[in-house]
Amino acid sequence: METSISETRPTNFIRAIVERDLADGSTGGRVATRFPPEPNGYLHVGHVKAIALDFGIARDYNGRCNLRMDDTNPTTESVEYVEAIQRDIRWLGFEWDNLLYASDYFQQFYDLAEKLILDGKAYVDSSTEDEIRELRGTVTEPGRPSIYRSRSVQANLELFREMKAGKYPDGAHVLRGKIDLASPNMKMRDPLLYRIRHAHHYRTGDDWCIYPMYDWAHPLSDAIEGITHSLCTLEFENNRELYDWVVQNAMPSPHPHQYEFARLALDYTVMSKRKFIQLVEGGHVSGWNDPRMPTISGMRRRGFTPEALRNFAEGVGVARANSKTELAALEHAVRDNLNPIAPRVMCVIDPVRVVITNYPETGESLDAPYFPHDIGKEGSRAVPFARELFIEREDFMESPPKRFHRLSPGQEVRLRYAYIIKCIGVKKDADGNVVELRCEYDPDSKSGGTSAGRRVKGTIHWVAAETARSCEVRLYDRLFSVPDPGEGDVDFIEEMNPGSLKVVTNALVEPSVENDAPDTRYQFERQGYFWRDPEDSGTTGRDRPLVFNRIVTLKDSWAKVAASSAGDATADKQREKAPSANPKPKSDKAPRTPIQPQAITEGARKLIDSWGLSETQAVSLTEDASLADLFVRVVPEVINPAVAANWIINELPPVLKSADVDASTIDANQFAELIDLVDEGTITNLTGKELLAEILTTNESPRRIVASRGLAVVSDTGELRRIVAEVVAENGEKVEAYRGGKKGLIGFFIGQVMHRTEGRADPAVLRGLVEEELDQ
RNA sequence: UGCCCGGUCGUCUAAUGGCAGGACAGCGGCCUUUGGAGCCGUCGGUGGAGGUUCGAGUCCUCCCCGGGCAGCCA
């Protein structure tokens with residue numbers, strides 16, 4: 001944990017960046033992150049991902065992570081949220097190095113803004129909101145300057161000071177960065193930096209009547225705190241260019257860097273503050289902490305554990321692709337965490353009475369373990385057994401379907417931890433509802449008894465009628481009945497799941513729960529994980545009523561069987577057949593759109609005519625002026641123009657990019673020499689590519705480098721054969737796999753030889769030799 | 001429509017140009033005094049077309065699809 005660089009592969013691309021920066025020292029060996037919520041709402045499961053990332057990186061790389069309230073908009077923020085945010089993060093199990101507030105930097109933000117004005121990089125715009133929008137242009141048209149853009153530095157400074165002094169009403173002026181009104185990135189079209197807002201701020205009170213915008217405050221806050229890696233979600237991608245502009249123009253080095261990742265989305269869930277507010281204010285849920293809400297407070301009240309949530313965040317990973325995670329992944333994390341720690345108890349949610357006619361009036365006490373054999377945990381409790389019991393109504397069926405393994409007339413079932421009983425009679429009321437079952441028990445079938453090992457198909461849970469505690473049980477399900485609530489023209493409220501909460505007031509739980517800590521997470525056997533609602537539940541049945549929240553159900557494979565046999569008996573088989581009867585079109589060969597013939601420009605035509613390039617090559621070349629120019633410079637010096645074109649088109653650009661070099665600076669003679677080296681077969685393609693990167697920054701002749709370092713191609717069969725044999729001998733398993741049909745491994749073997757010859761093995765010769773060796 | 005970003009099993013996510021792997025879900029089996037858990041097995045993927053290369057998920061070109069940006073919100 002104290003190692004700064006993990007020895008294992010980083011688990012996501014951001015951690016890879018952090019490790020790279022730590023390795024090359026570009027952040028001075030430091031890692032500093034921050035979690036920057038705006039205190040205008042409650043944290044939700046999407047924030048859990050960000051929190052786990054920000055705090056997790058600081059933890060794992062010996063870094064620091066600040067909690068910073070991004071409180072630059074006085075009209076929406078409050079101390080209530082500040083407190084809730086801290087509570088939620090702590091509950092999740094993370095601790096910040098510093099609790100900070102962007103509002104504490106207001107004076108610095110202001111001073112830096114004055115400096116920016118002095119530098120001529122910001123101006124006060126007195127246009128109206130509508131004018132500013134109008135002049136900003138659109139995504140296809142550039143913006144135009146307002147008449148205020150050319151104000152003098154002095155005028156800007158005076159106006160800005162007067163704005164601060166409260167001389168103007170809201171909206172009279174704004175401060176804007178003077179960047180580029182024609183930028184293709186809308187965020188760079190002279191972004192607003194300050195607006196006038198005569199509003200009371202929950203922390204700074206009435207000290208300020210101008211407030212900084214996010215794009216000014218956020219990068220500066222990061223820079224002030226010495227943040228190295230500023231992580232945010234994908235929608236801020238376009239803001240990065242502005243972020244960099246701000247820190248470069250307002251702050252000394254080193255500068256923080258922003259990296260974006262995909263926000264977490266869950267199916268059957270909404271995840272925006274706006275929608276949460278609608279849910280709460282519309283009375284569709286009981287509050288921000290309604291156990292059906294994906295808020296941290298809601299999930300906490302539901303009974304989710306911090307560890308489950310952290311594991312979930314770890315499990316979904318971090319990437320840049322927009323994605324939507326299945327609810328099943330979250331449920332799995334919760335079950336996985338609870339399974340080994342939740343004691344098993346019995347609770348009958350929909351009771352029906354059972355009388356065991358051959359059981360004595362005096363009951364007995366059974367010792368029942370809290371955990372099943374596979375958990376391997378000690379502990380048990382006493383469970384009273386009696387002549388009259390309750391079982392789950394759905395565990396009895398008068399005329400059961402084929403694979404029903406529970407109680408039915410004449411059939412046997414085991415009572416968990418107790419006896420095998422057989423149903424000998426059914427009592428019904430006038431409406432035909434079952435009101436009581438008459439059963440007989442096998443006295444020898446008790447755990448440890450002579451026929452204890454007797455097998456019956458099913459085991460059901462139960463409680464003794466006399467001693468059971470009545471309780472309320474709240475059964476939660478997904479809040480929405482569709483995977484994408486609010487998608488399209490529909491109101492997401494209309495798509496709420498009417499069955500998302502079922503309250504059962506007459507459930508019966510075994511009495512042992514009265515002795516347990518109030519935050520105990522149970523598994524109610526065969527039903528799911530439950531705990532006491534922290535707000536509405538008493539501890540025992542004697543003070544306030546017991547109220548249990550269902551945290552999550554158990555996986556229920558019976559439900560699937562029941563669902564599939566709900567229709568006709570052959571439903572299963574038909575379902576299996578369906579796919580093959582209707583195979584999905586693997587590839588419909590008809591091209592969707594005809595291939596566009598590439599426009600052959602005059603320049604391209606010329607390249608084709610004078611150098612014999614293909615149309616594709618010519619077109620590619622002419623699309624980039626610097627590349628086309630390079631080609632023209634290089635081609636007189638090379639043997640084969642087509643090879644030169646391929647190198648310029650395919651191999652050069654990535655090297656240029658990674659070396660941050662411009663094509664125009666390339667020495668044509670050297671480049672030509674390199675191309676010829678490859679073309680004439682003196683060096684391999686691979687060696688050529690490596691040399692390419694090198695000659696961009698040095699002035700040495702490729703031919704001389706090849707000679708002095710012995711980089712010439714190895715095509716001597718004897719030499720290559722020896723190395724191939726070596727590799728084959730060292731990788732017996734792979735050889736076997738290859739011979740077993742895994743032909744893709746040919747790449748592995750060639751790669752190995754390439755590696756050992758440092759890329760100098762002649763590929764064409766090599767492949768033949770490897771195949772020969774492997775196939776013998 | 002201009003710019004930016006993205007597209008790998010049903011879902012999420014890996015793969016210095018060299019074995020397309022893991023998790024969840026599904027299916028099947030074993031085990032089981034929870035139709036739970038566990039164990040084993042299995043199904044299943046590089047959006048498309050060209051190009052470069054001995055070798056492409058990865059590099060180049062074009063196309064298709066998805067997301068973001070035109071708040072004095074963050």
Side-chain angles (χ1 to χ4, degrees), chain A residues 9 11-12 36 38 40 70 72-73 76 129 132-133 136-141 143 170-171 174 183-187 189 192 194-197 213-214 218 234-239 241 260 262 267 315-326 328-329 332 335 339-340 344 372-375 403 405-406 414-418 447 452 455-456 458-461 523 525-527 554-559 561 587 591-593 595-596 598 614 616-617 619-620 623 646-647 649-651 653-654 685-686 734 737-738 742 744-752 754-755 762-767:
Chain A
R9 199 183 277 297
T11 51
N12 62 57
E38 183 186 13
N40 69 346
D70 209 353
T72 56
N73 185 353
T76 59
E129 202 173 333
I132 288 177
R133 186 172 32 250
R136 186 153 31 216
T138 69
V139 291
T140 50
E141 306 157 39
D170 289 6
V174 291
S183 172
N185 181 353
M186 297 292 291
K187 296 286 178 199
R189 319 249 263 226
L192 272 62
Y194 270 92
R195 77 282 214 184
I196 299 173
R197 200 87 119 197
M213 302 289 291
Y214 167 88
H218 195 83
L234 244 29
E235 69 269 25
F236 292 100
E237 234 172 326
N238 298 61
N239 299 62
E241 192 180 354
E260 312 89 19
D267 56 11
V316 296
V318 180
R320 282 178 66 86
N322 292 309
S323 57
K324 179 164 287 192
T325 300
E326 289 176 341
H332 171 263
R335 290 191 189 107
N339 175 44
R344 273 59 170 175
H373 56 95
D374 56 294
I375 303 290
R403 285 181 283 175
H405 297 157
R406 293 169 267 170
R414 176 174 289 280
L415 295 174
R416 181 80 162 148
Y417 307 118
S447 300
R455 299 284 304 264
V456 288
T459 300
I460 63 174
H461 61 278
Q523 184 190 110
E525 294 215 39
R526 306 206 305 128
Q527 317 237 46
L554 254 26
K555 276 178 68 176
D556 183 2
S557 46
W558 164 251
V561 176
S587 71
R592 262 150 268 200
T593 44
I595 308 287
Q596 294 289 325
Q598 289 180 319
S614 73
T616 325
Q617 286 174 320
V619 170
S620 298
E623 267 162 11
N646 275 343
W647 272 79
I649 294 164
N650 292 309
E651 311 295 0
N685 225 287
L686 215 51
K734 294 262 177 17
Y738 176 87
K742 199 160 179 180
L745 280 167
I746 185 86
F748 165 79
F749 290 105
I750 294 176
Q752 285 295 307
M754 280 297 182
H755 204 73
D762 183 333
V765 178
L766 213 208
R767 176 168 284 261

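Naming convention: chains lettered A, B, ... in sequence-line order (proteins, then strands); numbering from 1 in each chain. Since we're looking at a predicted model, the values are computed, not measured.
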So what does A:Pro372 hit on the nucleic acid, given a heavy-atom distance under 4.0 Å: a base, only sugar-phosphate, or nothing?
base

NE2 of A:His218 to OH of A:Tyr214, rounded to nearest 0.5 Å, is 4.0 Å

Is there a donor and acceptor pair closer than 3.5 Å between the side chain of A:Gln527 and the base of B:G36?
no

What's the verdict on side-chain contact (heavy atoms from CB on, under 4.5 Å) for A:Asn238 and A:Met186, showing C-alpha distance, side-chain angles and the deciding distance?
CA-CA 8 Å; A:Asn238 298 61; A:Met186 297 292 291; over 6 Å; no

When you compare B:G2 with B:U58, how far apart are their P atoms, in angstrom units rounded to a whole number?
26 Å

Just compare B:G21, B:G6, B:G35 and give me whichever is closest to any side-chain atom of A:Lys742.
B:G21

Partner of B:U1 under the Watson-Crick or G-U wobble criteria, both distances under 3.5 Å, comes out as none

Per A:Arg9 side chain, nearest of listed nucleotides B:U16, B:A37, B:C24
B:U16

With no hydrogens and no angle check, is any side-chain donor or acceptor of A:Arg189 less than 3.5 Å from a backbone partner on A:Ser183?
yes

Looking only at atom C1', what distance separates B:U52 and B:G67, rounded to whole Å?
31 Å

Pick one: which of A:Arg406, A:Arg416, A:Glu525, A:Arg414 meets side-chain contact (heavy atoms from CB on, under 4.5 Å) with A:Ile460?
A:Arg406

Base-contact (B) and sugar-phosphate-only (S) positions in nucleotides 65-72 of chain B, heavy-atom cut-off under 4.0 Å, - elsewhere
--SBSBSB

Integer-rounded Å distance: B:A15 C1' and A:Phe748 CZ:
15 Å

Distance check needed: B:A37 C1' versus A:Trp558 CH2, whole Å only.
20 Å

Strictly by Watson-Crick or wobble contacts shorter than 3.5 Å, is anything paired with B:G6, and which nucleotide is it?
B:C65

Roughly how many Å apart are B:G45 and B:G55, using the P atom of each and rounding to a whole number?
25 Å

In whole Å, what separates the C1' atom of B:U32 from that of B:G38?
10 Å

Output, in order, the C-alpha distance, side-chain angles, deciding distance and verdict of side-chain contact (heavy atoms from CB on, under 4.5 Å) for A:Asn40 and A:Asn73.
CA-CA 9 Å; A:Asn40 69 346; A:Asn73 185 353; over 6 Å; no

Rounded to the Å, how far apart are A:Asp374 CG and B:G36 P?
12 Å

Quick one: look up who B:C19 pairs with, Watson-Crick or G-U, both distances under 3.5 Å, and put none if it's unpaired.
none

Report yes if at least one side-chain N or O of A:Thr76 is closer than 4.0 Å to OP1 or OP2 of B:C73; otherwise report no.
no

In this structure, how many angstroms lie between the C1' atom of B:G35 and the CD atom of A:Gln523, rounded?
13 Å

Whole-angstrom distance between B:U1 and B:A70, as gauged at atom C1':
13 Å

Ignoring hydrogens, what is the shortest heavy-atom contact between A:Ala262 and A:Ala321? Give both atom names and the distance.
CB-O, 3.3 Å

Determine: side-chain N/O of A:Lys555 to OP1/OP2 of B:G26, distance under 4.0 Å, yes or no.
yes

How would you label the glycosidic angle of B:G71: syn (within 90° of 0) or anti?
syn

For atom C1', what is the distance between B:G57 and B:U46, given to the nearest Å?
5 Å

Rounded to the Å, how far apart are A:Asn12 CG and B:A23 P?
19 Å

Side-chain N or O of A:His461 closer than 4.0 Å to phosphate OP1/OP2 of B:U34:
no

At under 4.0 Å, does any side-chain N or O of A:Thr11 touch on OP1 or OP2 of B:U13?
no

Using centres under 5.5 Å plus planes under 30 degrees as the test, is A:His405 stacked with B:G35?
yes

Do A:Arg767 and A:Ile746 pass the side-chain contact (heavy atoms from CB on, under 4.5 Å) test, and can you show the C-alpha distance, the side-chain angles, and the key distance before you say yes or no?
CA-CA 8 Å; A:Arg767 176 168 284 261; A:Ile746 185 86; 4.2 Å; yes

Please walk me through it: do A:Glu237 and A:Arg320 pass side-chain contact (heavy atoms from CB on, under 4.5 Å)?
CA-CA 11 Å; A:Glu237 234 172 326; A:Arg320 282 178 66 86; 2.6 Å; yes

Restricting to non-hydrogen atoms, name the atom on A:Pro763 and the atom on A:Met754 that form the minimum distance, rounded to 0.1 Å.
CG-CE, 3.7 Å

Considering non-hydrogen atoms only, spot the tightest contact between A:Arg344 and A:Pro372 and give its length.
NE-CD, 3.6 Å

Any idea which heavy atoms bring A:Tyr194 and A:Met213 closest together, and the distance?
N-CG, 4.1 Å

Shortest non-hydrogen pair, A:Ala737 vs A:Leu745, comes out as CB-CD1, 3.6 Å

Smallest separation among heavy atoms of A:Asn322 and A:Leu234, with atom names
OD1-CD2, 3.6 Å

Spacing of A:Arg414 atom CZ relative to B:G36 atom P, expressed in whole Å
18 Å

Once base and sugar-phosphate atoms are separated, protein heavy atoms under 4.0 Å mark nucleotides 50-55 of chain B, 5' to 3', with B, S and - as -BSSBS

Round to a whole Å and report the spacing from CD of A:Gln752 to P of B:U16.
15 Å

Distance in angstrom units between A:Leu554 CG and B:U34 P, rounded:
12 Å

Find the partner of B:C27: check Watson-Crick (N1-N3 plus N6-O4 or O6-N4) and G-U wobble (N1-O2, O6-N3) distances, both under 3.5 Å, and reply none if neither fits.
B:G41

Relative to the 5' end of RNA chain B, which residue comes earlier, A:Glu38 or A:Thr140, by the nucleotide with the nearest heavy atom?
A:Thr140

Could you give the distance separating B:G17 and B:C54 at their C1' atoms, to the nearest angstrom?
12 Å

When we call it a touch if two heavy atoms are under 4.0 Å apart, what does A:Tyr417 touch: a base, just sugar-phosphate, or nothing?
base

Determine the interatomic distance between P on B:C39 and the same-named atom on B:G44; round to the nearest Å.
24 Å

How would you label the contact of A:Ser614 with the nucleic acid (heavy atoms, under 4.0 Å): base, sugar-phosphate, or nothing?
nothing

With heavy atoms under 4.0 Å as the rule, sort A:Val318 into base, sugar-phosphate or nothing.
sugar-phosphate

Which part of the nucleic acid, if any, lies within contact of A:Lys734, taking any heavy atom under 4.0 Å across all strands shown: a base, the sugar-phosphate backbone alone, or nothing?
base

